[in-house]
Amino acid sequence: MLYDTLIRDALVIDGSDTPGYHADVAIRAGRIERIGALSDAQAIEELDAAGRVLAPGFIDVHTHDDTVVIRQPHMLPKLSQGVTTVIVGNCGISAAPVSLRGDPPDPMNLLGTAAAFCYPSFGDYRAAVESAMPAVNVAALVGHTALRSNHLDDLLRTASAQEITAMRQQLRESLQAGALGLSTGLAYANAFAASTDEVMQLAEELNAFGAVYTTHLRSEFEPVLQAMDEAFRIGRHAKSPVIISHLKCAGAGNWGRSAQVLTALENAAAAHPVGCDCYPYAASSSTLDLKQVTDAHPITITWSTPHPHMGGRDLAGIAAEWSVSLLEAARRLQPAGAVYYGMDEDDVRRILAHPLSMIGSDGLPEDPFPHPRLWGAFPRVLGHFCRDVGLFPLHTAVHKMTGLSAARFGLKERGVVGEGYWADLVLFDPRTVRDVADFNEPQRAAQGIDGVWVNGVLSYRQGQANGRRQGRFLAREGDLRQGFGPWNGV
Ligand code: ZN
Ligand code: CU
């Protein structure tokens with residue numbers, strides 16, 4: 001038997017949260033065909049993996065890569081981390097289905113300018129991804145704010161019955177065309193006015209498809225518990241799983257509450273399929289939000305349309321230079337992007353280590369001075385938090401970015417190194433893997449990622465993308481409720 005690829009003598013950490021074992025892995029026709037001692041086997045391409053870990057390719061469950069997968073399909077920021085699948089459409093913002101009347105409303109502008117939004121239907125978006133053939137697989141959520149922008153003339157109010165009917169229709173069509181579910185970003189001004197009832201009515205569409213509800217909570221600050229409660233009520237009403245996006249305790253007044261927040265998550269999980277994602281940093285990033293301007297912690301401006309040269313500078317420094325208040329400086333900079341150093345390290349660690357949390361980068365690929373999570377989130381978990389800090393064993397770190405994520409989002413035959421599974425794989429050196437991107441130089445590729453295969457094709461090797469792009473569009477398959485652990489039923 002001649003295989004396409006043989007990876008010899010790797011330490012296989014298979015994504016199931018169990019310790020690794022040594023084996024050879026044979027790939028053929030895009031899939032893992034055999035795992036074991038294959039000393040007699042031969043392949044077109046053979047690779048000695050002694051001293052290296054072979055894991056399932058990482059699944060970035062929280063991205064804003066919607067338009068970049070089409071416009072820059074090499075996807076180097078993700079491929080270089082060992083990511084082989086991205087889930088787009090988070091935080092209520094998605095590239096599809098969207099018909100803009102003018103500029104994209106905040107924070108849809110995180111996905112690009114008006115020209116980037118050319119997918120009136122979800123099917124159009126899916127076709128565009130398929131023809132762009134990005135280097136990573138793509139699965140997509142539909143954003144609530146995107147639906148609102150299609151049907152509401154004023155985003156600062158809740159939707160009327162007719163508008164809800166129109167949004168439901170578009171959501172249903174998108175789910176039929178393979179969307180994973182609905183995302184909201186209720187903290188943002190352009191969705192904040194939506195009542196719980198508006199979201200509940202939209203979420204009613206999810207049940208028939210076994211689709212998921214993901215949410216950037218209405219508040220990540222002091223009212224975080226009420227916001228979580230709202231998310232769980234929506235999920236229970238819709239009989240749909242709930243994923244809390246980038247779970248955190250934001251703002252100095254909220255520090256130290258992660259134990260409470262995680263208890264709330266556990267309590268909900270006992271009776272309903274719920275989970276969360278998080279990124280491994282104590283700083284957040286999004287558009288510049290006047291409500292988040294504070295002198296309690298530093299804020300860095302990453303981009304500004306009226307003042308582009310301020311990208312990378314501290315808001316306090318800009319305010320001092322202009323002799324104005326922080327708030328006035330922020331107002332003058334808008335529209336803009338920012339990094340907020342608004343979390344406590346202990347909270348970040350506690351959430352990262354919790355068994356219900358998955359890893360998602362929340363990276364912002366359009367940002368000219370992006371938060372380093374765009375290039376560093378996954379290697380930072382493996383290097384800094386797993387190896388250096390000892391927050392969890394390596395097989396648990398890998399599980400949080402592979403097997404757990406594939407189960408939650410119903411990504412069939414992915415997320416595990418197993419015979420018959422798709423050969424989405426990453427080979428890395430557990431002694432040297434680390435994130436290099438930081439807040440000063442955020443666009444730097446990780447170290448220690450030796451090889452990345454997407455659907456059986458070696459696409460990244462020794463620090464270089466080789467131009468082979470094999471990513472696919474992954475349509476929702478089956479009922480996502482089945483991918484949650486034991487709970488008492490919806
Ligand atoms: Zn978000
Ligand atoms: Cu996000």
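Counting begins at 1 with the first residue of the sequence. Numbering of ligands and ligand atoms starts at 1, following listing order. Worth knowing before you read on, the calculation uses all heavy atoms, side chains too, and leaves out hydrogens, waters and symmetry mates.
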Polar side chain donor-acceptor pair, [X] to [Y], under 3.5 angstrom:
| X | Y | result |
| --- | --- | --- |
| Ser195 | Glu198 | no |
| Asp103 | Asn109 | no |
| Arg481 | Asn207 | yes |
| Asp106 | Thr287 | yes |

For this session: Determine, for Phe385 and Arg349, whether the Lys NZ or Arg CZ falls below 6.0 Å from the six-membered ring centre while staying within 45 degrees of the axis.
Result: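 No, a cation-pi geometry is absent between Arg349 and Phe385.
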For this session: Kindly assign one of parallel, tilted or perpendicular to the pair His371 and Tyr279, based on the angle between their ring planes and the thresholds 30° and 60°.
Result: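 Perpendicular: the ring planes of His371 and Tyr279 meet at over 60°.
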For this session: Could you label the plane-to-plane angle of the His64 and His62 rings as parallel, tilted or perpendicular, counting under 30° as parallel and over 60° as perpendicular?
Result: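 Answer is perpendicular, since the angle exceeds 60°.
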Exercise. Ignoring waters, how many protein N/O/S atoms are under 2.8 Å from the Zn ion (ligand 1)?
Worked result: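 Every protein N, O or S atom under 2.8 Å from the Zn ion (ligand 1) counted, the figure is 3.
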Exercise. Which pairs count as ring pair (Phe, Tyr, Trp, His ring centres under 6.0 Å) when at least one residue sits in residues 339-358, sequence neighbours excluded?
Worked result: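 The answer is Tyr341-Phe439.
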Exercise. If you look only at pairs with a residue in residues 213-232, which of them pass as a ring pair (Phe, Tyr, Trp, His ring centres under 6.0 Å), with sequence neighbours excluded?
Worked result: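 Non-adjacent pairs meeting ring pair (Phe, Tyr, Trp, His ring centres under 6.0 Å): Tyr188-His216, His216-His246.
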Exercise. Is any protein N, O or S atom closer than 2.8 Å to the Cu ion (ligand 2), and if so, which?
Worked result: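 For the Cu ion (ligand 2), the protein N, O and S atoms that sit under 2.8 Å away are His62 NE2, His64 NE2, Cys91 SG, Asp362 OD1.
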